[in-house]
A.B. asks: 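One structure follows; several queries about it will come next.
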Amino acid sequence: MAGVQSDHDKRKQISVRGIVAVESVVEVKKSFNRHVHYTLVKDRNVATPRDYYFALAHTVKDHLVSRWIRTQQYYYEKDPKRVYYLSLEYYMGRSLQNTMVNLGIQGSCDEALYQLGLDIEELESLEEDAGLGNGGLGRLAACFLDSMATLGLAAYGYGIRYEYGIFAQKIKNGEQIEEPDDWLRYGNPWEKARPEFMLPVNFYGRVEDTPEGRRKWVDTQVVFAMPYDNPIPGFRNNVVNTLRLWSAKSPVDFNLKFFNDGDYIQAVLDRNQAENISRVLYPNDNFFEGKELRLKQEYFMVAATLQDIIRRFKSAKFGSREAVRTSFKSFPDKVAIQLNDTHPSLAVPELMRVLLDVEGLPWDEAWDVTVRTCAYTNHTVLPEALERWPVSMLESILPRHMEIIYRINHTHLEQVAKRWPDDMDRMRRMSLIEEDGEKRVNMAHLSVVGSHAVNGVARIHSEIIKSDLFHDFYVMNPEKFQNKTNGITPRRWLLLCNPGLSDLICEKIGEEWAVHLDQLAKLKTWAKDPNFQRSVMKVKQENKLRLAEMLESEYGVRVNPASMFDIQVKRIHEYKRQLLNCLHIITLYNRIKKDPSAPFTPRTIMIGGKAAPGYHTAKQIIRLICYVGRIINSDPVVGDRLKVIYLENYRVTLAEKIMPAADLSEQISTAGTEASGTGNMKFMLNGALTIGTLDGANVEMAEEMGNENMFIFGMTVEEVEALKKKGYNAYDYYNNNAEIRQCLDQISSGYFSPGNPDQFKDLTDILLKYDRFFSLADFDAYIKMQDHVSEIYQNSSKWAEMCIYNIASSGKFSSDRTICDYAHDIWDVKPSWEKLPAPHETVS
Ligand SMILES: *Cc1c(COP(=O)(O)O)cnc(C)c1O
């Protein structure tokens, strides 16, 4: 393509991606050929591109091994306080390029594969995404692992090795089709199974008293947890941490009853039942489904992880002497457990159970240890997302935990009663057990009570949990409540995904920004420099061309690369208001139709994201966007001024292609609903401008860059609250705004669904009668701000200046900063920028 350097040349010249040394190129080639031969058992006549991917992955993994072993040895020798991040989701994406980038061997590998006549980008594209997450929460865990390793923390991620990750999304005639994500089909070259550390996890059974006066959980069904270790390399510091993912394994004697009854075949077949625990990721984002299998997943992960943590704590080395720790007094000084939302909150009663029933600690001591060890991160205030497990389900699956939860609640409510005597309503509000309707355990309340620190994920969200969701708890223990604004790793979300921009930034300010993202602020000097503006916009244009090529080759859609790329990618949810975006699209279309010769800023509007399979409204939203696109894209009057594209199967790998090519980022949730957002940060770091509400981290983004560099519109949290009080009537807006009226009348008359006018009745009913997220109340402000966006886009110098300001102001949103804050304020551990010594390694 004219004007775009070949990918090989482009990647080669970026020194921050690793110096190309002749010897290391030779070593990589040798190692690669050895793996083709010995690991893949192929010669170059029969090897497939996938074989070559695996040979390269193994070559790169070899570079990790000594560093990984040495890092773990080093932790054993020094015995620092360990940080344990517990999460039901890790949305890792691909590992190959990230590993090469962090090890600084990308240049050598590029050159070696080039010399071997292979296209490294084609091989990279054969890696399956590790899609063990739904969206922001799972991706946050992945960014945190990268930052914890880069900051030299003795940190471990713990989670589940789902056999099926987030489903692959196909769109057929506007309908979402889910396909199972069989990501392990060809094997996973990064993981190492550790059968020697397999651990039992118990379910069901009953509780009895022991002669020593303790409680004992007996007659349980056992499932084994098999650990798979995944390397987490830090950025150029020779640190390799571990993400340990548990897989369910039947015990040898599982369902032996059948065997004794003579049904051997049935006994073997039933082994699958136990192994279903780690079969599949629940595809809900911000929604609690309450399924028994999900509860088992949560406990399975927590129970296996805590056994591992306690084993490591006990077998520590004190100075030069190996010993077994017998006292748990020092446990909180050696162990920090961070709960990623309430999903792993059974860690609180499980740690209590082990300390009480196994280790024999008295209640008060066990409770003190538990609270000082655990910390809880809240990720949402949406009521439908909060986990509330039925007491009946907990009593059956985890009877001892239910006893412990009752006693925690009893002690907790005694404290409440001491401070607020006879305040029955407060007791009811603060109870861990909800008594209205089916009895349930409020897992957020359990997490708050069981933790010494509770944090929200952006300043505005942390304020809302203090004033609203956890207000009573805040009044009782204000010192517990903190904010930790989310961040993203600049390695994956700039260095790896946007080599053109990375290179340009390095030319101006050097290479330190990759680990000290604050340094991007130096770019402000050149915000008004026409040469720098031109360079930044040239990179953006190249990235847009690359995305356009991909859209054409993979989906057969042609887009105008001179148009504004206006993008909203995130899970489909009513609170994120993809419908509001859709109303803007229809409004633009109606304006073109009304006056085809009026000036118009061309836009390619792209929307992408998965809907939870059981979320009917979200699936309808996808259908509406696709149907609107079909009408607009085929209307000759519109031409290439307006195109609407549904980006199928949004996932980490697609995000890496989209962020660098975006002009405009849509962050338009109702104020007070999006806890933080991290997609917003990825766009900002890659030089897209944001149109957004004062919600989540958007507030802090605006503060960092100045309101004049962001397109802020719509109600504030206070205005939303006032509207709720007054009563929201969507018809007020419908009756007073002709453009709203036209949009809604078209949708409900079948304009976009010819022959089926009722197709979107549910959506128009929501917008006009039951909209919990007040879309129409923000419509006017949104459209006016979009008009302003179009106007500014025409002024390319002004637009470029704003882009540079965005990039230069994104330093705060590095997950390195977030992790430093957790380390200092919650975990009491110290980051280290020191490198570990490099291993003397030979590649082959
Ligand atoms: C970053 C990311 C998200 C989170 O996006 P939000 O806009 O913050 O909801 C979701 N999915 C993927 C694949 C991501 O990379």
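Every number for a ligand or one of its atoms is a count from 1 in the order of the listing. Remember, it's a predicted structure, so these values are computed and weren't measured experimentally. When reading the values below, keep in mind they use all heavy atoms of this one structure, side chains included, and skip hydrogens, waters and symmetry mates.
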A.B. asks: Quick check against the 3.5 Å criterion: does Asp778 have a side-chain atom that pairs as donor or acceptor with the backbone of Met715?
C.D. replies: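 Yes, the answer is positive, given that a donor and an acceptor are paired below the 3.5 Å cut-off.
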A.B. asks: Has Thr670 got a side-chain atom pairing as donor or acceptor with Phe773's backbone, closer than 3.5 angstrom?
C.D. replies: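 Pair found, side chain donor or acceptor close to backbone of Phe773.
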A.B. asks: So which protein heavy atom does atom 5 (O) of ligand 1 come closest to, and at what separation?
C.D. replies: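 Going by distance alone, atom 5 (O) of ligand 1 is nearest to Gly679 N, 3.7 Å.
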A.B. asks: Taking only heavy atoms of Val652 into account, list the atoms of ligand 1 that are under 4.0 Å away from them.
C.D. replies: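 What qualifies from ligand 1 is 13 (C).
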A.B. asks: For Thr678, counting its heavy atoms only, list the atoms of ligand 1 lying under 4.0 Å from any of them.
C.D. replies: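 Listed by number with element: 1 (C), 4 (C), 8 (O).
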A.B. asks: Any idea which protein heavy atom is nearest atom 7 (O) of ligand 1, and the distance to it?
C.D. replies: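 The closest one turns out to be Lys570 NZ, 2.7 Å.
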A.B. asks: Do Leu88 and Met301 come within less than 4.5 Å of each other through their side chains, counting heavy atoms only?
C.D. replies: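 Counting from C-beta outward, Leu88 and Met301 do come under 4.5 Å.
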A.B. asks: On the 0 to 90° scale, with breaks at 30° and 60°, tag the Tyr782-Phe713 ring pair as parallel, tilted or perpendicular.
C.D. replies: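 Tyr782 and Phe713: tilted rings.
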A.B. asks: Quick one: do Arg491 and Asp146 satisfy salt bridge (Lys or Arg N to Asp or Glu O under 4.0 Å)? Show the steps, please.
C.D. replies: CA-CA 9 Å; Arg491 273 73 65 183; Asp146 183 86; 2.9 Å; yes
A.B. asks: Could you walk me through whether Lys170 and Glu648 satisfy the salt bridge (Lys or Arg N to Asp or Glu O under 4.0 Å) test, starting with their C-alpha distance in whole Å, then the side-chain angles of each, then the deciding distance to 0.1 Å, before giving a yes or no?
C.D. replies: CA-CA 6 Å; Lys170 290 268 162 64; Glu648 194 176 78; over 6 Å; no
A.B. asks: Looking at His461 and Asn378, would you say the former's side chain and the latter's main chain have a donor-acceptor pair under 3.5 Å?
C.D. replies: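 Side chain of His461 to backbone of Asn378, a donor-acceptor pair under 3.5 Å: yes, one is there.
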A.B. asks: I'd like to check which ligand 1 atoms, numbered from 1 as shown, lie under 4.0 Å from a non-hydrogen atom of Tyr650.
C.D. replies: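 Going through ligand 1 atom by atom, the ones under 4.0 Å from Tyr650 are 11 (N), 12 (C), 13 (C), 14 (C), 15 (O).
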A.B. asks: Can you list the ligand 1 atoms lying under 4.0 Å from a non-hydrogen atom of Lys682?
C.D. replies: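 Listed by number with element: 1 (C), 2 (C), 3 (C), 14 (C), 15 (O).
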A.B. asks: Would you mind listing which atoms of ligand 1 come within a distance below 4.0 Å of any non-hydrogen atom of Gly135?
C.D. replies: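 Counting from 1, the qualifying ligand atoms are 10 (C), 11 (N).
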A.B. asks: Would you check whether Trp493 reaches within less than 4.0 Å of ligand 1, judged by its heavy atoms?
C.D. replies: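 Yes, that is the case, since the closest heavy atom of the residue is under 4.0 Å from the ligand.
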A.B. asks: Crowded around Tyr805 OH? As in, over 12 foreign heavy atoms under 6.0 Å?
C.D. replies: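 It does not: Tyr805 OH has 12 such atoms or fewer within range.
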A.B. asks: Counting from 1, what ligand 1 atoms have a heavy atom of Gly136 closer than 4.0 Å?
C.D. replies: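 In order of numbering, the contacting atoms are 3 (C), 4 (C), 10 (C).
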A.B. asks: In terms of atom number and element, which parts of ligand 1 are under 4.0 angstrom from non-hydrogen atoms of Gly677?
C.D. replies: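 Atoms satisfying the 4.0 Å criterion: 8 (O).
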A.B. asks: Is the closest heavy-atom distance from Lys576 to ligand 1 below 4.0 Å?
C.D. replies: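 Yes, Lys576 has heavy atoms under 4.0 Å from ligand 1.
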A.B. asks: With heavy-atom distances below 4.0 Å as the criterion, list the atoms of ligand 1 near Arg651.
C.D. replies: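 Answer for ligand 1: 13 (C).
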